[in-house]
Every structure is written in structure tokens, then in C-alpha cells.
Amino acid sequence: MIGLKSTLNVIDNSGALLIECVNVLKQKVNNGWGGVGDEIVCVVKRARPLSAAVANSATAVKVRKGDVRRALIVRTKKIVRRPDGRLIRFDDNAAVLLNNKKEMLGTRIGGIVSADLRMKGWGKVVSLAPKAV
Amino acid sequence: MKVEIDSFSGFRIYPSKGRLFVRGDSKVFRFSTSKNESLFLQRKNPRKIAWTQAYRRMHKKGITEEVAKKRSRKTVKHQRGIVGADLAAIAARRNQSTQERLSARTAAIQKAKADKKAKEDKKEKTKPQRTAPSAPKVSKAQMKGSKGGR
């Protein structure tokens, strides 16, 4: 249940550390709550310091504090129900950053993700993750 | 269909029952009821909670039906062949009767004596041959000396 002002940990290597949700992108409702597998618009609240080399290279993605980006929720503290009746809950809220074309900004994911992502069509993210439950 | 076991109490969790909790370090915990979950989150030690399997196992409750696993450990000795003496050779040597051994020993002794003798004979034969070639050497040196001496 991620909504306005909810903070999430970023678990990919895009450079951001903490993001704050600004809007939940769902088809009919553009507010309400976001869950695992939903896209959100977010603000980067804390980011890793950019080294000069990274800042100069054109290919590297530069994510700075204050950037407004899109993100995909991969873990929630709120329980998610699976079709077989299982209830799964994680210890924190986490997300990975995306660009406007639904592609990931980072190249690696450091942490466990929810396997619900696969059911919602984010198989690529699941394949990058070291573990999916 | 897999019946899981509760991470706290050891109860069986049938499908669609209970909850699954993934901790920050990616460790998975299963709880069959909210009671188990609550106690776990309060960081209670299951070994101290009397109705959990962990406690019962520790205090050996209700285990009289299971036979205590006490099997005497007997190390079985295996005969192994070594490089230079494979298993068959070892067995053959061991199974030799004393008579055979004695005869083998005397035969070996005889053989050794005969060999030694043959060697000595050989030596004597070669000795006179050796002195003959040395004679001309001496004479050559003498000759040289005489030449040099003049």
C-alpha cells in the first residue's frame, strides 16, 4: 500500500537510495494505493554521491537527489495474496527505478523481490533479481 | 501440495493457511497462526515456550515411542593392497604354511650363496686380465722417462 509521501528503498544500482512516492500510476485511478508490480512517479530523496567520472560519461545514468523519476514497486510490507491462498509480506517497501518507456535504469538488483512481478508482466525484473519469493 | 512447517512452533501449515514473512536479510519464515507470528516478532525464544516443538525436543517430551538411536560404532577393518603388493600377493604370503616358508627361505639362501660364488669367480677371472694391460703402461712410462732422462 504505497501512496503519496510513502518512502521506498531503491534496490538497484541506479544511484538512488531513497525515493518518495508522488503519484501511483494505475489505469483508471491515478491515486489510491500502489502495490507490488505497480508503477509510481517518485522523487529521489537520497542518492549516492556521483563521482566525477560518472558525471562526465554520457552513457551512465545520473540520478541525483531531487530527480523526478518513475519506479516499480517490488516489495511491500503490506500483505500480498497469491492465487493459491498464500499471504506474503516483506520487511520493507522497495522499488527499482524505471524510465518513461518501462525499462529499468539500473543494471543490477541487490535483494529479494516478490514473485508477483512476474504475474504482472515484469519478468525481466524478476530475472535480474538474485532471488524471488 | 506441500505441507510446510511453522518456523516458530513446528506445526504443520497446509496450503492457504498461515502467513509467509520475508525478513530484510531475505530469510523466509512461515507462521501457521498469528499467535506464532506475534511471538516471533516479539523475539521470543521458541525453546522457552512450552508448547513448541523446539521446546519439546529439547526437554525430550513424548519421545518414548522413538527408540533412542544408540548403535555401537564398530570400525570395520578393510584389507587394502599397497603399491608393490596387491591384495592377492598379500593373501598368498599370509596363507603360506611354515613348511613352504622354510623351503622358500632355504632356496633363497642357496641362491644367494651360488650368486656370491659366481661373483667371486668372475672377479678372479678378470683380475689377471686387468694386470696384463697395465704392464705395457708401466713400460711406456719407463720408456718415456728414459727418453726424457736421457
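Quick note on labels: first sequence line is chain A, next is B, and so on, each numbered from 1.
- B:F40 and B:F31 have tilted rings, their planes meeting at an angle from 30° to 60° on a 0 to 90° scale.
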Does the pair A:I2 and A:W33 meet the rule for a side chain to side chain contact (heavy atoms under 4.5 Å, CB included), with working shown?
CA-CA 5 Å; A:I2 309 293; A:W33 308 112; over 6 Å; no

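- Each of A:R69, A:E39, A:E103 was evaluated against A:L98; a single residue qualifies, A:E39, per the side-chain contact (heavy atoms from CB on, under 4.5 Å) test.
- Nearest heavy-atom pair, A:V10 versus A:A16, reported as atom, atom and distance to 0.1 Å: CB-O, 3.5 Å.
- Contact detail for A:V125 and A:L72: the closest heavy-atom pair is CG2-CD2, 3.8 Å.
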Note each donor-acceptor pair with a separation under 3.5 Å, taking one atom from chain A and one from chain B.
unit_1	atom_1	unit_2	atom_2	d
A:L87	O	B:L20	N	2.8
A:R89	N	B:L20	O	3.0
A:R89	O	B:V22	N	2.8
A:R89	NH2	B:E37	OE2	3.0
A:D91	N	B:V22	O	3.1
A:D91	OD2	B:G24	N	3.3

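- Taking B:F8 as the reference, nothing meets the ring pair (Phe, Tyr, Trp, His ring centres under 6.0 Å) condition, with sequence neighbours excluded.
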